[in-house]
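Shown next, in C-alpha cells, is the structure this report addresses.
Model, not experiment: these values are computed from the prediction.
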Amino acid sequence: MIGWLIFGGIVLLIAIILTLSISFEINFENEIDYKIRYAFFSLFPKKAKKTKLKKNKSKTISMNKEVSIKEPNEKPKPESIPTDKISTGATQSKPEKVKKKLDVVLIRSMIDSLHDPLKRLVKKIRINEIYIDSVVGGEDAAKVAMNYGMQNAAVHGLLAWLDSVARITVKEVKIEADFFREESDLFFHCKVKIRVSTLLLCVISFMKKYAANSNNQSKIKSRAPKRV
C-alpha cells in the first residue's frame, strides 16, 4: 500500500511539473529587459548574492633588503639561437586549409523535421498583456506623419498575424504623433507562456521525424548504384 502511495505521489508530481508553464516577461524602454520564470521560481536573471568585503591587512615591508642596481653601460647579451632551430623560408611549409563542406541533405532533413513541431508549438504559445505605448516625434512634420502611418500599419498588421497563428491578449495599443518632440519614444511589454509538456511533445515529435527521415535517406543511398 505504501509503495502504491509513493508511486501515485511521483506520478502526480511529474504531472504537475509538466502542466506548469514557463513565462517570458519582456519589457522595452530604451533597452530590452526580460525575465524568465517557471511557476514561482525565477530562472533569469538570478538575484546576486551579497558578498562581505574583507578588510585588507596592512603588510610591513622590511627595509633591510638589498636592492640590485644595474649599471647603465651594461647591455644585455643576445641569447644564442641554436642552428638546428633556424629554418629557411624555402623549407617552411604552410599549413593546408581544410574546407568544411556543409551537408545540404542533413540541413534539409532537419528543416523538414522541424516544420510540423514548430507549427504546433507556435499554436500553443500564449502571448498575454501586450502593451504598446509609442510617441512618434521629429523635426520634420512630414516625416513624423509618414512614420506615424508606417508604425500604425506595422503594429496592427503584426498583431493581426500573431492572432492568426497564436493565442494573444492585447491590453492596450497607443500610438501618437507629437510634432513638437524632437525624438520618438517607445514602451513595450508582454508575457509569453508555454507549457513544459508542450515543449517536451514538440521535441519528441522532432526527434521521431528526424530519425525517420535519416532512415529513409540511408535506404535511398544504399539502393543508389555505385560509380565505378
field: Of all pairs that satisfy ring pair (Phe, Tyr, Trp, His ring centres under 6.0 Å), the ones with a partner from residues 123-176, not counting sequence neighbours
entry: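 Pairs touching residues 123-176 that pass the test: Tyr131-Phe187.
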
query: Taking C-beta and beyond as the side chain, do Asp178 and Asp185 meet within less than 4.5 Å on heavy atoms?
result: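 In short, these two side chains do not touch, never coming nearer than 4.5 Å.
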
message: When you compare the side chain of Ile111 with that of His115, does any pair of heavy atoms fall below 4.5 Å?
response: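 Not in contact.
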
- request: May I ask you to decide if Ala211's main-chain N or O and Asn215's side chain share a donor-acceptor pair within less than 3.5 Å?
  value: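 Looks like no, no N/O pair under 3.5 Å.
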
State plainly whether one hydrophobic cluster holds both [X] and [Y], where clusters connect Ile, Leu, Val, Met, Phe, Trp and Tyr through side-chain heavy atoms under 4.5 angstrom apart.
X	Y	result
Phe179	Met146	no
Val155	Leu186	yes
Leu199	Leu118	yes
Phe188	Val135	no
Leu5	Phe7	no

- prompt: How far apart are the C-alpha atoms of Ile125 and Ile168, what are their side-chain angles, what is the distance that settles it, and do they pass the side chain to side chain contact (heavy atoms under 4.5 Å, CB included) test?
  reply: CA-CA 8 Å; Ile125 288 176; Ile168 67 171; over 6 Å; no

If you measure from [atom1] on [X] to [atom2] on [Y], what distance do you get to the nearest 0.5 Å?
X	Y	atom1	atom2	value
Lys124	Ser197	NZ	OG	9.0 Å
Ser184	Gln151	OG	CD	7.0 Å
Ser164	Lys123	OG	NZ	10.5 Å
Ile132	Glu172	CD1	CD	10.5 Å
Thr169	Asp163	OG1	CG	10.0 Å
Asn128	Ile130	CG	CD1	8.0 Å

Might you confirm whether atom [atom1] of [X] has over 12 heavy atoms from other residues, nucleotides or ligands at distances under 6.0 Å?
X	atom1	answer
Arg120	CZ	no
Tyr38	OH	yes
Ile32	CD1	no

message: Could you report the tightest heavy-atom contact between His189 and Glu25, atom names first, then the distance?
response: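 Scanning both residues, the minimum pair turns out to be CE1-OE2, 3.4 Å.
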
- prompt: Which of these passes side-chain contact (heavy atoms from CB on, under 4.5 Å) with Thr198: Leu200, Ile194, Leu201?
  reply: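 So the option named by the test is Ile194.
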
Pair up each side-chain donor or acceptor in residues 136-145 with any protein partner under 3.5 Å, not counting sequence neighbours, and list the distances.
residue: Asp140; atom: OD1; partner: Ala142; partner atom: N; Å: 3.3

message: Against Ser21, only a single residue in Lys193, Arg37, Arg195, Arg126 fulfils side-chain hydrogen bond (donor to acceptor under 3.5 Å, both in side chains); can you say which?
response: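 Running side-chain hydrogen bond (donor to acceptor under 3.5 Å, both in side chains) over Lys193, Arg37, Arg195, Arg126 with Ser21 returns exactly one hit, Arg126.
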
